Structures are given as structure tokens and as C-alpha cells.
Amino acid sequence: MLEVRDIDVFYGDAQALYGVGFTVAEGELVTLVGANGAGKTTILRAVAGIRPVARGDLLFEGEPLRRVPAHRRPGLGIALVPEGRELWPQLTVRENLELGAYDRAARARAAESFAHVYDLFPKLKDRAGQLAGSMSGGEQQMVAIGRALMSRPRLLMMDEPSLGLAPLVVGQMFAAVRRLHADGLTILLVEQNLARALKVADRGYVIETGTVSLTGTSEQLLADPAVRAAYLGV
Amino acid sequence: MGEVVVLAVSAVLLAGFYAAMAYGLGLIYGVLRIVNLAHGGIIMASAYVTWQLFDRFAIDPFLAIPIVLVVFFAIGVGIYLGLVRFLPRGPAGAVQSLLLLFGVWLVIRNVAYLLFTGNEQVIHTGYATSSVRILGGSFSATRLAVFAVATVALFTLHLLLTRTYLGKAIRAVAQNPDSCTLAGINVERIYVFTFGLGTALAGLAGTLASTLFAFNPSFGASELLKSFVIIVLGGLGSIVGIALGALVLAFAEVFAVYAVPPYLTTAVGFVLLVVVLVLRPGGLFGQRVLR
Amino acid sequence: MSRVRFLLAFAAALAALWVAPLVLPIGDYTHNIVGLTFMFMAAALAWNWLGGYVGQISFGHAAMFGVGGFVAARIMLSSGLPFSVAWLLGGLAAGLFGLLWGHPTLRLRGPYFSIATIGVGEATRLVATYWSDFTGGSSGLSLPLAGNPTKYQLYWYGLYLLGGAVLISYGLARSRIGLGLSAIKEDVEAAGDLGVNPTLYQDIVLFLSGTMVGVCGGFYASYQAFIDPQDMFSFDRSIGLILMAVIGGIGTVLGPVWGAIVFVIIQEFLLANYSELYLGLYGALLILIILFEPLGLTGLVRRLHRLAIPVRRAT
Amino acid sequence: MNRSTVFVGVTVLLLTGCVPSKDTDDDSANTAIPDKIVIGSTLPLTGTESKTGGRFKQGYELAVEVENADGGIDLGGKKVPVQLNLLDDTTDQAKAVNLAQRLITQDKVNFFLGTYSTAVVEAQSTVAEQNQIPYVNGGGAATSIYAKGFKWVFGTLAPVANLANTEMQWIDQQQAAGALPKPARVAIVWENTSHGKDFRKGVQDFTAAHSSGYQVVTDESFALDGKDFSAILSKVRGAKADLLMIDAHLPDFITMQRQYLSSAMCTKVLTYGARGTESDARTALGAEGVNYILSAVWWNKQLGNAGLNKEFVDKFKAKYGTDPEWYQALGYEAARSLFTAIAQAGTVDKEQVRAKLSALTMDSILPGGKLSYPADKGGQADYPFVVQQNLPDGTSPIIYPADVANGKGVAPNPACKG
């Protein structure tokens, strides 16, 4: 479904990604793991189109993505839940979700999507009229995921959904991810919490200083001694 | 007592014009974080357009509003696409846009001088001096009409911003443009639209001003300055806040005569501006984001 | 440029300008205009300390210009103090006035500060126009023609003002304070973390800037021999300083000097020929500079310089 | 601090306070008869005041044309043509000063005709005084210009205080005739400019001198270009004023009069100083809206039925195809008085012309029929204004002074009910 071929990305003069390549197949849950600053977020931003790619190709369902402007990509079926949620704090929960379905096709199915999101996160239904900025971190994360789902994505990318959340809430979050995956949604997940991420994922890529250093199924990676030493502290 | 009521009604009517005058500046600032220094120039230009429509085609200023809105929306879009678009975003861009749009103002003023000379112009509608009795006082029919238009504009804007996808997107862009892109909102297009709308609202203010005041190409400077006071009082960006800010300024100016000489009532607004900026940077009524 | 080279160039330029009117056949009119231009250069440089070095764009410098002018004029009218002392005292009063409003408002950044300065400028103008015991109100103040330097002599006083302003500009930019200022310009909070006290630094700069502009106001009072609040405190006067700095190159050490030259040349040239176009020309110039060369003339010269270097290497 | 810094510092210190000076080269003693007489002048030809500036230009140019029509000014038997060297000062004080400096010191004009608007004249007149060149202006009325003891500055505009005074004289007549209450309650509302200040002084001086007949109940100033005058008008209403004496320029006049009318106010006498008869006022307020407004100006074409006035109006119409207003008339008279003084002096010597200007008394188109620059008024002409009143039939006859009146004024305002 998604194919990333050998991309380079720069921040000004500083290069962040060096020939990164990976694939995500339909229905898969793939995770990108690695240390802080390794370039995982940059990869997601490049796929979402808010970070230009200097070299290499991005293919989504076989179609090249590089020339598609960022705001068109949700219409193609790509959605990103950004790191730190990035909600619109002075809009209500309902408005935040509504704008998730901004694309014309998604707008037409908004009612259906609302039902889906409220089903996944019943709490949001109760809080629909509340300002998003006044909610707790976990609730905000739910809104962020809900907003992404409202665009009816075929590929859902999530950037550190568990960051800064209480352990109990982290559990709920991963339960939701698992459920979405079980419903057949393709997911690309970036996590620092490698153990938990690999537990839900089918496959994983280890990103180190802007390149893919290791890849394999979750089991393989969890078993890899280098991974265990570097990321699991065992 | 009666006199106080009469003054209060006058202040409310004045607030109507003040609010209409500040909507455009507040909207553009709230969404683009750009201080549109050309605002005063647009108000002046629109007064001239209204006058031309009245003079040549005998179109009543209040009926000219739709034409003015369309014309100045287009002008706003032109200014954005031709100039503002090229500025960097962020603090550096904020300062540059200040100077750039000031340049635009100078050019507009010069064009007006060339086309219409420095003479004062006035629009005399049949009802310019007729009056209506309210609460024991007699008030200008034109001022009432201006107030009505300003109120309608307030509600329309409010509905647009809270009830439509476009409006919600505008508020979302004001709060966090990056995540708007992720939601599939074409932020650049929202910017173009907002700049156009803000300019159209400045045009509306100019039309309203032309029914109340005489104007020349330098007209608009004090409107711009007072608009600053209003959007700061109102919290820089909230449309309802702007209306409240206008009310505060109008009441302060009208009732200041009990405390300071009438000559200094204008200064009261500017002092209020600085004090509010320093003590309550979020404005009297709220925050700095468009809600 | 090294410090020694700068100071040598500075001394040479000062000396050349000092003797120029004595040896060159310059008409009286040009002589006076150049003298007045020196003052504008000094004021634009002073504006640039705050607007360029710190990045706080002030739309209210006319307030200090006016305060300086009127305090100086009052002193000249009421006491036997020489005009230069009156200028200085006027400048100090203006600097203190700057601190009075600047200390609270300098916490504001970007457009917030700019808007606040508009408020300060306009409020000051209105109060000054009303306060006729001090400013003469709408009738203004006339200075005695005796005891004041003539316009001919003011050329040299203008030159000294300019010299002082250039030295301070250079000193501020090259000193530790200068580093602190650019840190504040980049990011106030980070500057605080670096041990720079943004409040203190900005207060110092505003005081210096206000004092210099105030002294310029005193100079202007002596030059015109008649000042009135509507003119001294006008919004256009603040705008003029901004235009000079922007045309020359905002934030550069000497940019405002070149900006003031262009400003005056445009004014003098257009005055004689196309006076109906001068507003629009400033506007167009402003637009072009912001869009294509944010560092103004200085940026343009640097660009040409960069273009020229390879050529020189080739030969 | 290194050595070079010290060196430069010391140099600067040494230089400071050391300033060359120059003897003003005195060429005023040059009494040879020139080929032409060059008159320098600046006016606001662009910008906000361009309309008025243009009118003064018409007045100046007509005077020059008339003078040159028969060869120019007679200097001891030789006719010398006049050349006007006119620049645009855009109502900017510094520009007006610099341009005057340029015309006087560089272009060496013989004499100077002043610009328009008080503050600019005030700034510019110091240049004339410094350079000792006769400066006649028709555009600066503020008494403060003439209160500085300047020897070289002459003003053709009578002080605005006279405007108020002449209006009050007419009002006093009406009061004596029983048409107005005694004592009458007076509200003075003035724009905070020197124009407004002098107007206020005129009313105050008159009421102080006739204290049994008048009682000032409101005295307020306002800032230019106001958006709302309801508070001031409410004060006036609260004070139950009979006479509302306002001084305002056109935009404020229109805004204020609109609010006055729509708030159903009606005072027995209403004036806006010089405002009220202009066509702009009728356009903005309608013929109804300006009825019975009292106004006073320095000159009006209704004076022009005979003699010098008729000659001026006819020549003006022939040249420009329109009727002159007071601006053109004052410009014309300012220039003419200068030419007369030059002819009387018979030379272009500045001191002699100045002396002749100071002693001048000439027949004039201005009210009173004579123009002089009395020394006790600091060189400012002193004559009554012509008071006009807008009448319902659309005319604005002169109603005072009696010797030039061509209509009869109405007081109290018959439109007021009760």
C-alpha cells in the first residue's frame, strides 16, 4: 500500500533522512522504532507531505505521492495523528472531529464516521461540546485519533500516541490501536515504547540516525540481541 | 438621568460603526497574524468607491454594500496573492508585513490623490439628517442604519465562523495551521479567503463611514488607529470580542467628557490600548485566538 | 571591518564632511539640507538601535522627538542656558519619557509592541496639543532668533550628532551588549537563559535611542525656530524614521544613514518635479524592498559585492 | 579601549564646539533697477490642502498677470515685469521652511509671498525674518504669528478673533432689538487649532466687554476629525445655550451639524465660524440642513458690485471662468499690496520696501475698503469680516456690516419650535 523508496529529507542545511526505504502492505500494522531524534517523525511528516522530500520516491497504492500537496493526501486516504496531538484547543471536540472530515468525500460520510469514532471512544460523545484544549491528555489523544479517522483513511499513521500519558491510559490507547488494526485498517505506528509497539505490530523497522538499520517481524526484532540491548535495556 | 440615557444610546450607535471598522483588521490578524496596515487605506478607498457609485449611478450607499463587498474581496485576494503571499511566516514575517502593507497604504493614498485630488467629499443621501426618537432622545437615522448593518455583519460573521465548514476551518487555521494541512484543509486557500474577507469587511466599514463623514485621501488613519484599540480591547481575534471592544471604546470616549476635557477623549482610547496591552495582553474579554 | 579600520574611516569621513562646506562651492540651500539630513540620519540610526538591533519596531518615536524638542525649546526660552545644554536636557527628558512607557511595553513582542507604540505616540500627540502651558498647544512655540545657531552653523552640529550616533551604533553592534541584543531579537526566553537580562538591555537601548532622538528634536527646534505639537509629534514623523531605516537596511550598522540620504534625495527631487507622486513612490519602494531585499540598500550593496568578488578573482 | 579609540575620541571632543560661522552676505543694499522682479512663494499644491493652495495660486497669478499687463511695476519710471517663482510645499512645515530658504538664499528672489495654513506660515515666516526679506501672506491668520515682534512679516488675513467679534456685533444688534434674550447664554465650542483658539478669544473678549448681555455657559475644545460629537452637543444642550458659537473645519462641521440636526437640537443662533455657505455644505447637509447658519468670511463676491471689487471679480471670471472665493481674493490682495509697496519704494531694496509695506494704506477689495498692516498688530491687517446667513430661499446674503449688507438677517432661528 505504501512504498517509501530511498528518500532524503533536509531541515535547512541539516540532513535528517539518508535514503530511507520501507513498505507497508494493505492491512498491516507496521511500527517504526528508534531513539529520540532518529528521524521517525520526519518519515511520517514526509509521507503526510508537510516535510518536502529532496530525493527518492513515495508511492501510495502504486501512485507517486511526491507531487501531491499535503492537503490533498487525506483525500487519498492517508491520515496522520501528529506528535503532541496538535488539536485546535479553542474548538469543541465535535468541531475538531468535524474538521477531520473536511475532504468532500469524507464530509459526505461524516455521520457514519462520527458513529464509528464515538463507538471507539464513547467518552468523546459525552464531551462533544467541550473545548478540546480543556481536556486531559488522554482525552485529547482520543480526539486526535478520532479526527484522523474522520477522514476515512486507508493508511493511518500515528506519531507517539502514548507520549505523556498515564500508564492506564496508554493501555487504553493500545487497545484502540489493536481494535482498529483488527477492523482491517492499515497502520504505521511510531513509538518510543518499543516493547508495547512490537507487541501490537506485525512488522517493525529500526531507525537510527536517519537510516533504516534493521527490519523484521515483531518476533524477530523482539528476539534480536542488539535491539534488546539498545532499546529494551536487557 | 435622561441625558445619560441619550449619551448611552449614542455610544451604542457609535460602537456599531467602531465594530464594523475593526472586524476586518481583527479577522486578518486573528488568522494570519498579520497587522494589516493597509486597513485604513482600504476604508478610504471604499468610501470613494461608494461615493462614485452614488454620484455616477445613483446607487444608495447601503444598497452598494454587496457591490463593495465583492469588489474589495477581489482587491484583498489580489493584495494577498500579489504581495503578502511572499512574506515569511512567523515573527520575521510579522514585522515585514507591517512595513509592506504600510507601503500598500501609501500607494492607495497616492492613487486616490491622483484620481480625486485632496478635496473633501461627502455623500448626501436624502436621509442624512433625518432622525428617529428612541428612549426620549432623537438619533440620526443614518447612525441607526449603520448600527443595524454592523449588527447584521456581526451575526453573519459569527454564523459563518461557527456554523460552516469554511468558518470552522478558518478558526482552526488561526489556532494551528499545521494540523489543518493534516486534516486536508488547504491552508493557503484559507489565508487567501480570509485576507479577501477581511479586506471586504474593511470595504464595508468604508461604505458605512462614507454615509456619516466627509472624507479625503488621508481618511482612514484615525479609523486604523482606533481599530487597533478595539481589537486589543477585544482580545485580538475574537469577533464577539471585537464587538465588545468597540462598545468599551465608544463608551469610554463618549462618557470620558465627565472626567477629561472633550479634546482628550480620543486620547483615552490610546491610553486604554497601552494599559490593556501591558496588563491584560489577552484583551479584556478573552484570548488571542480566533474562536 | 576591524575596529581600527572602522575608526580610521570614520575619522576621515568626519573630517572630510567637516571641511567640505568650507572648500566646496555648495549653495546655502544644499548646505542647510545636508545639515538637516545629518540630524535625520542620527535619528534614524537611533530608531534602528531598537527597531533593528532588538527587532522592536516602534511607531511612536515621534513622541520622544517631540518631548526632546519642546523641553529643549522651553529651556532655551526660559533660561540663559546655551542651546547645546538645552538639547542635551531635552534629550535626557525624552530618554526618560521613553523609559516611562517603554519599560512596561518592551515586554511585548512583535506586532504587540508596535501597536502599543502607536498608542503611545498618538496619546502623547493629543496630550501635548492640549497642554498649551508647556507646548503652546495648537499655536506652538517660537524660539528667539538670537542666541540660536544659524542654519549655516547647524550643519556642523548636525555632523556631530551624526558622528555620535554612528559611534554608538558601531559600539552597540560590536559590543557584548550587541550580542545580547541579537540574542533577544532571536528569542527572548533563550536570551534570558543565556544570562542576558532582556528587560535591562531593552531599557538601556530604548533610553539611548530616546535620548538621541530627543536631542534631534532639540536640533530640529533650533533649525525651524518654530515648533508645534501637531508637527513634532505627528505619526508621519515616526513613519519617516522607519522608512529611512528600512530603505537603508534595517538592523545594519550604517544602513539608516544611506536610507536617510535616499529619503531626502527623493523628497528634494520629487518636490521639484513630481510632488504628486511622492507618497506612492515611498510606498512602492517599501514594497519592493520588503519583497526583494529585506536588508534594503545595504543588502543590495552586499549582493553586488558578492557578485563582484568572483569577477575580481578572475582578473 | 585601544589607542585609536582614544585618538578619535579626543579629535571629536576637540572638534565639538568648534563651528565655522559666516557673515550673511548683505546684498539688500543693491538698489540697481533689475530686468525683472522675482517673487518667491510656496503653496500646498498637492496633498490635503491642495484645493486651498490652488485657490491662492489663482489669486497670486491673477495679480501678477494684471500687474504685467501694463508692463510691470513702475520703478522710478521704468516698468519692470514681475515673475512668480512658486513651489509646492505639500503643507509640510519642514519643506516649507527649506523651500523658502532655497528661494531666498539660493534663487535670490526679491520678495516673498507666503503659503497657506497657519502653522506652516508660522514656521516659514521665521526664515523671512532671519533673512530679512519682506514676507506678505494671505494664508496665515493666527495672531501668534504677528505677536513675535517680527519686522518683515505682513499678513493680509484679519485675525479670526475679528470673525467672532463681527458675528457678535450682529448678534448684539439683534439682542438690542429684542430678538434675542438678555442675558443670552453662550456656548463656545472650538477646534483645538490656532484658528479655533482665536475664534474663542474673539467671543470671550466680546462677552467680557458686554458682560451684562452675555453669559458663557459652555467652553469646550475638540480634536480634529471627530467621529462623534454627541457628548459635546449634550453638554451644550444641558447648558441650555441660546447662542451656539462653533469653530470647525469642513469635515467636523459636517459631522457635527448632522448630529446637531438629527438630535433635534435648535439654538437661537448657530455658527460654525467660517463654515456654512460653501457648496460642499449644502451637498452634505441639504439646503434644509444649513438654514439660518451664521458664518463670516474675510471676503465674499457679493462685495463685488462696484469699483475695485467689480474689477477683480470680472478679471477673475475672465481668466478662470468661475467666481472667486475669499481665498483667491486674499491671495490677490496680498500680492497687490506687495506690488504697491514696491512701486511706492521705487526700488527692489528690501529695507525700503519693508518700510513702505509697514506704512502702507491702500484702497482694497476687503471689507472696510482699506488695507494696511498696522505695526501695533504686528503687521497683521485688521478689518471686519462679512457676516452671512443662509436663508431658506437658498441665498446667503451679507447681513453685516451694514454698509456692505445686501440682505437682512434672521434671529432667533425661526425653525426652532417653542
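All values below were derived from every heavy atom in this structure, side-chain atoms included, with hydrogens, water molecules and symmetry-related copies excluded. Remember, predicted model here, so these are calculated numbers, not experimental data. Per chain, numbering begins at 1; letters A, B, ... match sequence-line order.
In this structure, CD in C/Gln230 is found 9.0 Å from OG1 in D/Thr193, a value given to the nearest 0.5 Å. Expressed to the nearest 0.5 Å, how far CG of C/Asp228 lies from CD of D/Gln93 amounts to 4.5 Å.
With a 4.5 Å cut-off on non-hydrogen atoms, C/Leu36 touches chain D through its side chain but not through its backbone. Heavy atoms of D/Ser221 lying under 4.5 Å from chain C belong exclusively to its side chain. Both the backbone and the side chain of D/Ala94 come within contact range of chain C, judged by heavy atoms closer than 4.5 Å.
Residues of residues 128-137 of chain C lying under 4.5 angstrom from chain D, judged on non-hydrogen atoms, are C/Thr129, C/Tyr130, C/Ser132, C/Gly136, C/Gly137 in numerical order.
Counting heavy-atom pairs closer than 4.5 Å to chain D, the top residue among C/Thr30, C/Leu143, C/Asp231 is C/Asp231. In terms of heavy-atom pairs under 4.5 Å with chain C, the best-connected choice from D/Ala142, D/Ser144, D/Ala123 is D/Ala123. Between chain C and the options D/His195, D/Lys148, D/Glu191, heavy-atom pairs under 4.5 Å are most frequent for D/Lys148. In terms of heavy-atom pairs under 4.5 Å with chain D, the best-connected choice from C/Ser142, C/Gly163, C/Gly27 is C/Ser142.
Across all non-hydrogen atoms, the minimal contact from D/Lys197 to C/Ser139 is NZ-OG, 3.0 Å.
A side-chain donor-acceptor contact under 3.5 Å links D/Thr126 to the backbone of C/Gln224. For the pair D/Gln106 (side chain) and C/Tyr29 (backbone), a donor-acceptor distance under 3.5 Å is present.
In this structure D/Glu220 satisfies the side-chain hydrogen bond (donor to acceptor under 3.5 Å, both in side chains) test together with D/Lys235, sequence neighbours excluded.
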